[in-house]
Amino acid sequence: MSKGDVYKVFKKDHAHIKKLFNETLRDTSKYPEAQKELEANLLGEEQFLYPAMDFIDEELVNETKRENEEAFRTMARMKNMNEEDREWVDSLRRLNDLVVHHMEIEEKENGLFDKASEVLSEEAEEDILHLYNELKSENLSP
């Protein structure tokens, strides 16, 4: 592994999640997979990346944490709705918009990933990547 690999993995996962949500907007049967992938990504960032970044840009980390919380609340509400209901579809659209915005904040120039790359050592990034991959394999296994 080399410096920056963790952000490449996060960005690759982001692209995959955005694609899944885009497909889900056309075919709601894809939602369970999109939800699972999103939850694993958000949990991984919360547990492993954000704590390492709190002291660097607390405001940016707090914004991403708030968006994560909103995404989890939306997904929890959707569990109690029927996929045929307009409210569920509206919630899916809001969740998609939130996900896209959240990922743009992390990936944009001078966003969270750039700032993390500037301050985290290669060893810290490798640890985050290892822990994140472990969490994904636990949460995404059938």
Side-chain angles (χ1 to χ4, degrees), residues 1 3-121 123-142:
M1 285 188 241
K3 182 91 170 115
D5 283 353
V6 67
Y7 314 110
K8 290 175 189 169
V9 170
F10 278 127
K11 287 177 182 181
K12 180 179 170 229
D13 288 354
H14 285 178
H16 179 65
I17 292 165
K18 287 182 208 176
K19 180 179 178 272
L20 285 172
F21 269 89
N22 200 6
E23 291 171 2
T24 300
L25 290 170
R26 292 188 304 272
D27 176 4
T28 59
S29 70
K30 299 201 181 246
Y31 177 71
E33 180 184 0
Q35 177 191 5
K36 231 175 151 176
E37 293 275 349
L38 177 61
E39 286 176 346
N41 177 262
L42 296 178
L43 286 171
E45 290 174 352
E46 276 187 5
Q47 292 178 13
F48 310 122
L49 181 62
Y50 298 166
M53 291 304 299
D54 255 342
F55 68 100
I56 300 300
D57 193 332
E58 186 178 358
E59 185 178 323
L60 185 57
V61 170
N62 284 339
E63 180 179 356
T64 57
K65 285 180 181 177
R66 281 190 301 275
E67 289 180 340
N68 280 8
E69 290 168 8
E70 186 177 341
F72 280 117
R73 279 193 306 272
T74 301
M75 287 185 283
R77 280 193 309 269
M78 289 172 71
K79 286 179 184 176
N80 298 320
M81 296 179 199
N82 183 328
E83 289 182 17
E84 305 299 317
D85 290 347
R86 177 85 180 151
E87 186 179 1
W88 189 91
V89 173
D90 288 345
S91 294
L92 176 64
R93 286 190 183 111
R94 276 194 307 278
L95 182 59
N96 179 68
D97 292 345
L98 178 65
V99 165
V100 169
H101 179 262
H102 174 80
M103 293 175 180
E104 286 173 354
I105 286 175
E106 292 177 338
E107 294 180 15
K108 73 179 181 180
E109 189 173 329
N110 207 24
L112 189 65
F113 292 167
D114 282 354
K115 290 181 179 190
S117 180
E118 292 173 7
V119 297
L120 296 179
S121 68
E123 183 179 89
E125 290 179 359
E126 286 176 6
D127 288 345
I128 291 168
L129 182 56
H130 174 75
L131 292 167
Y132 176 61
N133 283 332
E134 256 182 30
L135 180 135
K136 281 193 321 184
S137 67
E138 290 170 8
N139 287 331
L140 298 177
S141 59

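The model shown is predicted, which means the values in this text are computed figures rather than measured ones.
Inter-residue side-chain proximity for N41 and Y132 is flagged as met; some heavy-atom pair is nearer than 4.5 Å. Taking the side chain as every heavy atom from C-beta outward, F21 and L92 approach each other to under 4.5 Å. Counting only heavy atoms from C-beta outward, the side chains of K19 and E23 approach each other to under 4.5 Å. Looking only at side-chain heavy atoms (C-beta outward), L20 and K30 stay at 4.5 Å or farther from each other. Contact check for R77 versus L95: no side-chain heavy atoms found under the 4.5 Å cut-off. E39 places none of its side-chain heavy atoms less than 4.5 Å from the side chain of N139. You'll find the side chain of D57 stays beyond 4.5 Å of the side chain of L112, heavy atoms only. The shortest side-chain heavy-atom distance between E37 and D13 does not fall under the 4.5 Å cut-off.
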Can you give the donor-acceptor pairs under 3.5 Å from side chains of residues 96-108 to other protein atoms, not counting sequence neighbours?
unit_1: H101; atom_1: ND1; unit_2: E67; atom_2: OE2; d: 2.5
unit_1: H102; atom_1: ND1; unit_2: E67; atom_2: OE1; d: 3.1
unit_1: H102; atom_1: NE2; unit_2: E45; atom_2: OE1; d: 3.2
unit_1: H102; atom_1: NE2; unit_2: Y50; atom_2: OH; d: 3.3
unit_1: H102; atom_1: NE2; unit_2: N68; atom_2: OD1; d: 3.2
unit_1: H102; atom_1: NE2; unit_2: E106; atom_2: OE2; d: 3.1
unit_1: E106; atom_1: OE1; unit_2: H14; atom_2: NE2; d: 3.2
unit_1: E106; atom_1: OE2; unit_2: Y50; atom_2: OH; d: 2.6
unit_1: E107; atom_1: OE2; unit_2: H14; atom_2: ND1; d: 2.5

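To the nearest 0.5 Å, atom CZ of residue R26 and atom CG of residue N22 are 5.0 Å apart. To the nearest 0.5 Å, atoms CZ (F48) and CG (L43) are separated by 8.5 Å.
Between L49 and the options L131, T64, L120, V6, a side chain to side chain contact (heavy atoms under 4.5 Å, CB included) holds for only L120.
Using the six-membered ring where Trp is involved, Y31 and W88 have ring planes that are perpendicular, over 60° apart on the 30 and 60° scheme.
One finds a salt bridge joining E125 and K3 here, because a Lys/Arg side-chain nitrogen approaches an Asp/Glu carboxylate oxygen to under 4.0 Å.
By the 6.0 Å contact criterion, CD on E63 is enclosed, its count of non-hydrogen atoms from other residues, nucleotides or ligands being greater than 12.
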